[in-house]
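Here the structure is a predicted model, which is why all the values come from computation and not from measurement.
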Amino acid sequence: MSEAIKKIIAKTFEDMAAGLETGNFSAPKIGVMVEGSEHGEENMREGGRLASRRGVAPVFVKDAEEMDAKLASGCIDGAVAMHYNFPIGVATVGKVITPAEGREMYIATTTGTSDTDRIAAMVKNAIYGIIAAKADGIENPTIGILNIDGARKVEMALQELAKGGYKINFATSKRDDGGSILRGNDAMNNPCDILVCDSLTGNVLMKLLSAYTTGGSYEALGFGYGPGIGEGWDKLVMIVSRASGSAVVAGAMEYAANLVKGKWQRVAKAEFASAKKAGLAGILQKLTAKPEVSGEAPAKEPAKEITTAEISGIEITDLEDAVQVLWRAEIYAQSGMGCTGPVVQVNEAKLEAATKILVEKGFVAE
């Protein structure tokens with residue numbers, strides 16, 4: 001008997017078993033790895049049973065090897081695991097329920113890494129978040145960027161990508177100063193569908209928002225750390241934590257089933273093609289280059305002035321370079337730290353001219 005025929009027979013029996021388990025022979029078949037949970041194997045099985053009530057056909061697997069074999073054979077449409085070695089370029093998009101309004105929010109990303117450069121990774125994470133949200137049924141998801149190191153550069157890069165033709169719906173902070181750079185408060189009341197950050201920060205947010213009601217040892221809320229997404233990646237592997245409770249396991253399986261129904265691979269292919277057409281490669285290449293200040297002697301400090309006006313949106317690593325650029329233009333400036341991040345302070349009468357210079361030099365977005 002050929003290997004191809006063996007695979008067909010195996011898949012047929014898997015389909016029958018999953019259908020008998022749920023009473024729904026057309027339900028997406030989602031594998032769930034039962035070994036490794038801090039709450040025991042029964043916790044994972046209970047998650048599968050809960051998911052079966054939501055139109056998911058659970059298939060219980062022992063370990064990663066069995067899971068990979070079933071994914072490769074097509075016996076399952078996706079899988080939930082507590083650990084998976086994703087290659088560089090693949091990162092997961094988690095989904096939580098925010099405490100302020102009880103709404104769902106995607107966190108892009110939470111495990112893995114989309115790029116070895118942190119800023120480039122966050123730009124890619126925005127695209128990954130859009131892919132996950134669209135495949136999960138949100139037609140025009142909104143994006144906000146968490147106010148962490150690199151956020152302003154990410155914002156400028158995404159604005160440039162949007163100008164190139166890639167559709168991005170920027171969210172607005174619920175704080176008085178608005179903007180698409182979101183504060184910690186926003187992470188609690190989600191003014192956006194997708195919150196963009198780096199994977200390490202996203203991982204911390206997932207843990208906090210999943211386990212804040214339990215003291216941290218049991219993740220009781222949400223849908224887990226999400227699917228691995230990356231260009232050319234075609235396996236639907238969802239990540240949960242060893243601390244994830246049965247409700248989160250069930251949520252992850254439901255999330256996976258929605259992605260299967262939403263044809264996530266087709267969505268991913270279309271989004272990557274659109275981003276490339278809008279100039280993604282060139283934008284990512286520019287991110288590692290510093291603004292035009294290298295090779296020049298230190299500027300002479302102009303006469304001091306009262307500096308009550310602030311220019312925000314500058315990365316902290318570029319702050320002193322921005323001051324030097326203004327000094328060369330004979331505008332007195334000094335660096336500072338506002339409540340929303342780094343700022344350059346100038347005289348109110350010179351704010352417009354100073355802002356124009358910093359925009360031209362690439363320190364802030366228009």
Side-chain angles (χ1 to χ4, degrees), residues 86 89-98 103-115 117-148 150-151 153-162 166-173 180-182 186-187 190-206 209-210 222-231 233 236-239 251-252 255-256 258-259 262-276 278 280 283-284:
F86 292 112
V90 177
T92 62
V93 179
K95 187 164 71 165
V96 296
I97 299 171
T98 57
R103 290 177 52 214
E104 296 171 4
M105 181 175 71
Y106 301 85
I107 298 181
T109 57
T110 61
T111 65
T113 183
S114 53
D115 198 288
D117 180 90
R118 185 169 178 274
I119 309 300
M122 289 172 65
V123 173
K124 290 182 179 180
N125 291 350
I127 298 169
Y128 292 10
I130 290 172
I131 290 168
K134 283 189 173 182
D136 200 23
I138 300 180
E139 188 175 348
N140 293 302
T142 57
I143 275 191
I145 306 157
L146 189 63
N147 188 26
I148 54 179
K153 284 185 177 179
V154 173
E155 180 185 36
M156 287 189 285
L158 291 176
Q159 287 173 345
E160 186 176 349
L161 192 63
Y166 183 69
K167 187 175 181 181
I168 300 177
N169 298 315
F170 290 99
T172 302
S173 170
S180 56
I181 302 295
L182 305 186
D186 291 309
N190 67 308
C192 62
D193 295 308
I194 303 161
L195 182 64
V196 176
C197 55
D198 63 282
S199 285
L200 289 176
T201 304
N203 193 274
V204 171
L205 287 174
M206 285 298 304
L209 293 172
S210 297
F223 302 82
Y225 297 71
I229 293 177
E231 189 171 8
W233 182 254
L236 184 57
V237 179
M238 318 288 292
I239 298 298
Y255 186 7
N258 288 346
L259 297 177
K263 304 187 185 306
W264 72 278
Q265 291 169 316
R266 185 183 299 176
V267 173
K269 187 175 181 180
E271 293 299 316
F272 284 127
S274 179
K276 281 184 175 181
L280 177 63
I283 291 169
L284 294 177

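Nearest heavy-atom pair across Ile148 and Cys197 is CD1-CB, 3.9 Å. Between Ile97 and Gly222, the shortest heavy-atom distance links the atoms CD1-N, 4.3 Å. Annotation for Val267 and Gly262: closest pair CG2-O, 3.6 Å, computed over non-hydrogen atoms. Residue Glu104 comes nearest to Phe223 through the heavy atom pair OE2-CZ, 3.5 Å, listed as atom of the first residue, atom of the second, then distance. Taking all atoms of both residues into account, the shortest heavy-atom contact from Ala187 to Thr98 is O-CG2, 3.7 Å. In terms of heavy atoms, Cys192 sits closest to Ala171 at CB-CB, 3.5 Å.
The shortest side-chain heavy-atom distance between Glu271 and Tyr166 falls under the 4.5 Å cut-off. A heavy-atom distance below 4.5 Å is found between the side chains of Tyr255 and Tyr106. Residues Leu205 and Val96 fail the side-chain proximity criterion, which asks for heavy atoms closer than 4.5 Å. Between Met122 and Leu146 the shortest side-chain heavy-atom distance does not fall below 4.5 Å. You'll find the side chain of Arg103 reaches within 4.5 Å of the side chain of Asp193, heavy atoms only. The shortest distance between side-chain heavy atoms of Trp264 and Pro227 does not fall below 4.5 Å. Leu158 places a side-chain heavy atom less than 4.5 Å from the side chain of Phe170. You'll find the side chain of Leu259 reaches within 4.5 Å of the side chain of Asp136, heavy atoms only.
For Asn147 (side chain) and Leu182 (main-chain N/O), no donor-acceptor pair under 3.5 Å exists by modelled atom type. Side-chain atoms of Ser199 come within 3.5 Å of backbone atoms of Gly112 as a donor-acceptor pair (strictly under, hydrogens ignored). A donor-acceptor pair is defined here as one N or O able to donate and one able to accept, closer than 3.5 Å; no such pair exists between the side chain of Thr109 and the backbone of Asn125. Ser114 places a side-chain N or O within donor-acceptor distance of the main-chain N or O of Ala121, the cut-off being under 3.5 Å. Listed for the Thr110 side chain is a donor-acceptor partner under 3.5 Å among the backbone atoms of Tyr225.
Remark: of the listed residues Val123, Ile145, Ile143, Val196, Ile145 is the sole one forming a side chain to side chain contact (heavy atoms under 4.5 Å, CB included) with Glu155.
Between the side chains of Asn169 and Thr142, no donor-acceptor pair is found at a separation under 3.5 Å.
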Audit row: Ile194, Ile138, side chain to side chain contact (heavy atoms under 4.5 Å, CB included) steps and yes/no = CA-CA 11 Å; Ile194 303 161; Ile138 300 180; over 6 Å; no
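Rounded to the nearest 0.5 Å, atoms NZ (Lys95) and CE (Met105) are 12.5 Å apart. Taking CZ of Phe86 as the reference point, atom OG1 of Thr92 lies at 6.5 Å (rounded to 0.5 Å). In this structure, CE in Met238 is found 10.5 Å from OG1 in Thr111, a value given to the nearest 0.5 Å. Here the CD1 atom belonging to Ile119 is positioned 11.5 Å from the CG atom belonging to Leu284, to the nearest 0.5 angstrom. Rounding to the nearest 0.5 Å places OG of Ser274 at 9.0 Å from CD1 of Ile130. Note that CZ of Arg266 is 14.5 Å distant from CD1 of Ile131, once rounded to the nearest 0.5 Å.
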